[in-house]
Chemist: 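Pasting a structure below so you can have a look.
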Amino acid sequence: MNIRLEKPEDYLEVENMVRNSFWNIYRPGAFEHYIVHRLREDESFIQDLAYVIECNGKIIAHINYSKGKLDFENGKSMDVVVLGPIAIDKDYQNMGYGTKLIEFTLNLIDNKDIPFVFVIGDENYYQRFGFESASKYKIHLDGTDKSEECPFFMIKIFNHDMELYEGTFTNPEVFNVDEREVDEFDEKFEYKQKRVIEGQLQM
């Protein structure tokens, strides 16, 4: 097993792995691989935190970080780091590779003096890495009800001396994708049937 930075020659293999790992999970089809593709050319992309795990010459895991926006109620704003997408090859899931990749990159972030990182995902999974509800610090995800708890929007604080103020986090614009563009992008990959499955976020 080798954890290393993503290289340009990895791009297509990474996108195919990401596509397969998300296919029909949260919605019919997937668009995470298209986000990964677009993100590399976006100003929000943090290239030196784009890592893969390679096993026996095959890329089995991939993680990205990017810069979102945190707008404070006092009128100030700042760029902040957000984790994701992260993908693990279907044949290697539930083997600890995601944990290894997240812990490795979070350690890099800690050494970069980045004060905190956001993530949107399963709170039961990310709590093990020290993430906690951002609502605790009165930081809310754009488009959600500020009066309600949003457990899947979390923050990991590295610098506890930094004072946080009430504010709203917005993902990079590159995360907003057009389904027609995704379908067009998918033509470069092997055909996979979209299926509506019970439990998907988008039915």
Side-chain angles (χ1 to χ4, degrees), residues 1-22 26 30-71 77-89 92-93 96-121 125-126 129-131 134 139 141-142 153-159 162 169-178 181-182 184-186 188-189:
M1 185 195 78
N2 180 32
I3 300 179
R4 62 168 175 79
L5 279 169
E6 179 188 57
K7 299 181 290 188
E9 53 263 39
D10 301 324
Y11 288 175
L12 184 57
E13 183 179 358
V14 165
E15 290 163 9
N16 193 53
M17 186 274 293
V18 173
R19 179 177 184 257
N20 289 338
S21 67
F22 281 100
Y26 297 114
F31 58 62
E32 286 80 2
H33 59 302
Y34 185 53
I35 292 175
V36 168
H37 174 78
R38 295 179 65 207
L39 190 57
R40 299 188 187 106
E41 302 298 325
D42 194 78
E43 62 181 5
S44 67
F45 182 51
I46 305 177
Q47 186 173 7
D48 62 355
L49 288 175
Y51 274 81
V52 300
I53 293 180
E54 190 175 39
C55 188
N56 298 323
K58 177 183 179 180
I59 293 175
I60 63 168
H62 174 263
I63 194 169
N64 269 335
Y65 289 83
S66 55
K67 294 179 182 178
K69 183 72 70 175
L70 183 56
D71 295 303
S77 65
M78 64 182 296
D79 289 336
V80 292
V81 176
V82 56
L83 184 164
I86 176 172
I88 312 299
D89 187 291
Y92 293 85
Q93 292 178 4
Y97 291 107
T99 295
K100 287 181 173 63
L101 198 52
I102 292 171
E103 288 180 341
F104 179 85
T105 51
L106 288 179
N107 184 62
L108 292 177
I109 288 172
D110 192 16
N111 292 328
K112 290 176 180 290
D113 294 324
I114 294 172
F116 47 83
V117 173
F118 291 102
V119 69
I120 300 170
Y125 180 75
Y126 284 101
F129 305 106
F131 283 91
I139 299 175
L141 179 63
D142 184 45
F153 174 54
M154 292 162 282
I155 185 172
K156 178 178 172 64
I157 298 178
F158 295 98
N159 181 4
M162 181 176 182
F169 168 80
T170 305
N171 258 324
E173 179 63 29
V174 70
F175 280 72
N176 299 322
V177 298
D178 185 308
E181 293 180 359
V182 177
E184 183 177 337
F185 181 66
D186 265 342
K188 67 188 288 186
F189 300 95

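Since this is a predicted model, take the numbers as computed values, not measurements.
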Chemist: What heavy-atom pair brings G68 and V82 nearest, and what distance separates the two atoms?
Modeler: N-CG1, 4.4 Å

Chemist: For residues F31 and V182, report the shortest heavy-atom separation together with the two atoms involved.
Modeler: CB-CG2, 3.7 Å

Chemist: Taking side chain as C-beta onward, heavy atoms only, is E41 less than 4.5 Å from V174?
Modeler: no

Chemist: Contact between F104 and I53 at the side-chain level, heavy atoms closer than 4.5 Å - yes or no?
Modeler: no

Chemist: If you round to the nearest 0.5 Å, how far is CE of M78 from CG of D71?
Modeler: 11.0 Å

Chemist: Can you say whether the rings of F185 and H37 are parallel (under 30°), tilted (30 to 60°) or perpendicular (over 60°)?
Modeler: tilted

Chemist: Under 3.5 Å, is there a donor-acceptor pair between the side chain of E13 and the main chain of I59?
Modeler: yes

Chemist: Do I120 and N171 come close enough that some side-chain heavy atom pair is under 4.5 Å?
Modeler: yes

Chemist: Name the orientation class of the two ring planes belonging to F189 and H33 (parallel below 30°, tilted from 30 to 60°, perpendicular beyond 60°).
Modeler: perpendicular

Chemist: Walk me through it: do S66 and L39 pass the test side chain to side chain contact (heavy atoms under 4.5 Å, CB included)?
Modeler: CA-CA 8 Å; S66 55; L39 190 57; 3.9 Å; yes

Chemist: Applying the side chain to side chain contact (heavy atoms under 4.5 Å, CB included) criterion to E15, which one of E32, R40, H62 satisfies it?
Modeler: R40

Chemist: If you count every heavy atom of other residues, nucleotides or ligands that lies below 6.0 Å from D48 atom CG, does the total exceed 12?
Modeler: yes

Chemist: Which residues pass the side-chain contact (heavy atoms from CB on, under 4.5 Å) test with D178, sequence neighbours left out?
Modeler: R180, E181

Chemist: Out of I88, L106, I102, which residue meets the side chain to side chain contact (heavy atoms under 4.5 Å, CB included) rule with I63?
Modeler: I102

Chemist: Below 30° counts as parallel, above 60° as perpendicular, anything between as tilted: where do the rings of F22 and Y26 land?
Modeler: tilted

Chemist: Of all heavy-atom pairs between S44 and P172, which one has the smallest distance, and what is that distance?
Modeler: OG-CB, 3.5 Å

Chemist: For the CD atom on E184, are there more than 12 heavy atoms of other groups (residues, nucleotides or ligands in this structure) within a distance under 6.0 Å?
Modeler: no

Chemist: For G84 and F175, which heavy atoms make the closest approach, and how far apart are they?
Modeler: O-CZ, 3.7 Å

Chemist: Quick one: CD1 on I35 to CG on N176, what's the gap to the nearest 0.5 Å?
Modeler: 8.5 Å

Chemist: Starting at OG of S21, measure out to CD1 of I86 and round the result to the nearest 0.5 Å.
Modeler: 10.0 Å

Chemist: Take V117 and F158 through the side chain to side chain contact (heavy atoms under 4.5 Å, CB included) test and state the conclusion after the steps.
Modeler: CA-CA 8 Å; V117 173; F158 295 98; 3.7 Å; yes

Chemist: Is D10 reaching over with its side chain to a backbone N or O of K7, donor-acceptor style, under 3.5 angstrom?
Modeler: yes

Chemist: Does CD in E43 sit with more than 12 non-hydrogen atoms of other residues, nucleotides or ligands closer than 6.0 Å?
Modeler: no

Chemist: How long is the gap from CG on D142 to CZ on F169, to the nearest 0.5 Å?
Modeler: 9.5 Å

Chemist: For F153 and I139, work out which heavy atoms get closest and say how close.
Modeler: CE2-O, 3.6 Å

Chemist: Determine whether V80 and K69 make a side-chain contact, defined as any pair of heavy atoms from C-beta on separated by less than 4.5 Å.
Modeler: no

Chemist: I'd like to know if D186 and R19 make a salt bridge, using a cut-off of under 4.0 Å between side-chain N and carboxylate O.
Modeler: yes

Chemist: Hey, does the side chain of E54 reach the backbone of N2 with a donor-acceptor pair shorter than 3.5 angstrom?
Modeler: no

Chemist: Is any side-chain heavy atom of I109 closer than 4.5 Å to one of Y65?
Modeler: yes

Chemist: With rounding to the nearest 0.5 angstrom, report the CD to CD1 distance, E103 to I3.
Modeler: 9.5 Å

Chemist: Please test L108 against Y51 for side chain to side chain contact (heavy atoms under 4.5 Å, CB included), starting from the C-alpha separation and ending with a verdict.
Modeler: CA-CA 11 Å; L108 292 177; Y51 274 81; 3.5 Å; yes

Chemist: Grab the two heavy atoms, one from V36 and one from P85, that are nearest each other, plus how far apart they are.
Modeler: CG2-CG, 4.1 Å

Chemist: Please lay out, stage by stage, how Y97 and D89 fare under the test side chain to side chain contact (heavy atoms under 4.5 Å, CB included).
Modeler: CA-CA 10 Å; Y97 291 107; D89 187 291; over 6 Å; no

Chemist: Taking the side chain as every heavy atom from C-beta outward, state whether F129 and V119 have any pair of such atoms under 4.5 Å apart.
Modeler: no

Chemist: What distance separates Y92 OH from M17 CE, expressed to the nearest 0.5 Å?
Modeler: 11.5 Å

